[in-house]
Amino acid sequence: MRRPLDVERLAKLATGRRFLEPRRRGKYLLLDLEPAGSLLAHLGMSGNLQLVDASSPLRNHTHLRFDLENGRQLRFVDPRRFGFVDWLEPGEEVTDGSLVALGIEPLDPGLDEEMPPMYHARSAPLKSLLLDQRLVAGIGNIYAVEALWRAGIHPRRAGNRTSLSRLANLARVVQVVLAEAITQGGTTLRDFAGTDGEAGYFAVKLSVYGRQGEPCTRCGATIRSTVIGGRTTAWCPTCQR
DNA sequence: CCAGTATCCTGCAGGC
DNA sequence: TGCCTGCAGGATACTG
């Protein structure tokens, strides 16, 4: 995995402890254990946390298993190994480099105050800025693309060439897009799976992501696709300016 | 400091 | 059927 893990040490640290309510910061998951210490996890692109019966068949690339008292197992599966699980000692949360670097939470009520000046100070394309976790932490490729479409902004438009009012609108749209996705249970593609380990289902209907060649649902123009900052970016050439 | 690219790894879809 | 290529939800080291 992306971070090496001392499994023996983790086993010693975790044995006999109880999982508390999970938390999240950006795309990082924090699984606190009682009385102290946490698992820090990132799912990368292909990671999955499963909560299944201990007898449930093992999927390929299961890197970690926790036996629980109720006969179930918490499993970390990640074929591409872009994700990781790490152990955080109490207090380490505020020193861990990945966490410390994270920007504001996208669902923070202050987003439409903070995001516009932040993006306005940059010359990179908005698409790249949305994916920069040091600015706003938690937006991925799908929702970056969806938000730009919803806001009617061209993904290649530079931050410093976008008015503050349009950026404020983008901030509001980001919150709407994420909130809707959460309500609907997230986006699942291909090998995605829920915590029950079952195959993914298509929950969220996407307006532009993956729709290149198809008509824009707003104006009928043909959705196009390009690469920005190394990431595939779908957009409508007519209603995104 | 900033922006853009290469890279890590496996699975899968599509072309031949 | 099987082989090959390109592409995929992300983060980060590196280059210019």
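Side-chain atoms are counted along with the backbone in the values below, which use heavy atoms only and exclude waters and symmetry mates. To find a chain, count down the sequence lines: A is the first, B the second, and so on, and within it residues start at 1.
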From [atom1] of [X] over to [atom2] of [N], roughly how many Å is that when rounded to an integer?
{"X": "D132(A)", "N": "dT12(C)", "atom1": "CG", "atom2": "P", "value": "11 Å"}
{"X": "N141(A)", "N": "dC7(C)", "atom1": "CG", "atom2": "P", "value": "14 Å"}
{"X": "L135(A)", "N": "dA11(C)", "atom1": "CG", "atom2": "P", "value": "13 Å"}
{"X": "L178(A)", "N": "dG9(C)", "atom1": "CG", "atom2": "C1'", "value": "14 Å"}
{"X": "N48(A)", "N": "dT10(B)", "atom1": "CG", "atom2": "P", "value": "18 Å"}
{"X": "M45(A)", "N": "dC9(B)", "atom1": "CE", "atom2": "C1'", "value": "9 Å"}
{"X": "K27(A)", "N": "dT12(C)", "atom1": "NZ", "atom2": "C1'", "value": "13 Å"}
{"X": "R80(A)", "N": "dT7(B)", "atom1": "CZ", "atom2": "P", "value": "15 Å"}

- [ ] Can you label the angle between the F66(A) ring and the F19(A) ring as parallel, tilted or perpendicular, going by 30° and 60°?
- [x] perpendicular
Open item on the list: Please verify the inter-ring angle class for Y28(A) with F84(A); under 30° counts as parallel, over 60° as perpendicular, anything in between as tilted.
Closed with: tilted
- [ ] Identify whether the distance between the nearest side-chain nitrogen and carboxylate oxygen of R24(A) and E105(A) falls below 4.0 Å.
- [x] yes
Task: Ion pair check, D96(A) and R25(A), cut-off under 4.0 Å - done: no
Indicate whether OP1 or OP2 belonging to [N] is found under 4.0 Å from a side-chain N or O atom of [X].
{"X": "Q133(A)", "N": "dG10(C)", "answer": "no"}
{"X": "H61(A)", "N": "dC9(B)", "answer": "no"}
{"X": "Y143(A)", "N": "dG9(C)", "answer": "no"}
{"X": "S98(A)", "N": "dT12(C)", "answer": "yes"}

- [ ] Kindly compute the distance separating CG (L131(A)) from CG (L126(A)), expressed to the nearest 0.5 Å.
- [x] 11.0 Å
Task: Polar side chain donor-acceptor pair, R156(A) to T226(A), under 3.5 angstrom - done: yes
Task: Polar side chain donor-acceptor pair, S98(A) to R3(A), under 3.5 angstrom - done: yes
Open item on the list: Is it the case that dA3(B) (base atoms only) and R122(A) (side chain only) share a donor and an acceptor within less than 3.5 Å, ignoring hydrogens and angles?
Closed with: no
Which nucleotide wins on minimum distance to the side chain of [X], given the candidates [options]?
{"X": "F82(A)", "options": "dA3(B), dT12(C), dC8(B)", "answer": "dC8(B)"}
{"X": "I142(A)", "options": "dG10(C), dG9(C), dC9(B)", "answer": "dG9(C)"}
{"X": "R81(A)", "options": "dG9(C), dC9(B), dA11(C)", "answer": "dC9(B)"}
{"X": "S123(A)", "options": "dT10(B), dC2(B), dA11(C)", "answer": "dC2(B)"}
{"X": "A124(A)", "options": "dA11(C), dA3(B), dG11(B)", "answer": "dA3(B)"}

Open item on the list: When the P atoms of dC9(B) and dC3(C) are compared, how many Å lie between them, rounded to an integer?
Closed with: 23 Å
Open item on the list: Rounding to an integer number of angstrom, what distance separates dG9(C) and dA3(B) when you compare their C1' atoms?
Closed with: 23 Å
- [ ] Using modelled atom types only, decide if a donor and an acceptor are shared between the side chain of R9(A) and the backbone of L13(A) within a distance under 3.5 Å.
- [x] no
TODO: Can you run through DNA chain B from 5' to 3' and write each base as (, ), [, ], | or . depending on how it pairs? Watson-Crick or G-U wobble, both distances under 3.5 Å.
DONE: .|||||||.|||||||
Task: E69(A) CD: over 12 foreign heavy atoms closer than 6.0 Å - done: no
Task: Residue list, salt bridge (charged side-chain N to carboxylate O under 4.0 Å, His left out) with D6(A), at least two apart or on another chain - done: none
- [ ] Tell me which residues in residues 223-235 of chain A put a heavy atom below 4.0 Å from DNA chain C, sorted by number, or none.
- [x] R231(A), T232(A)
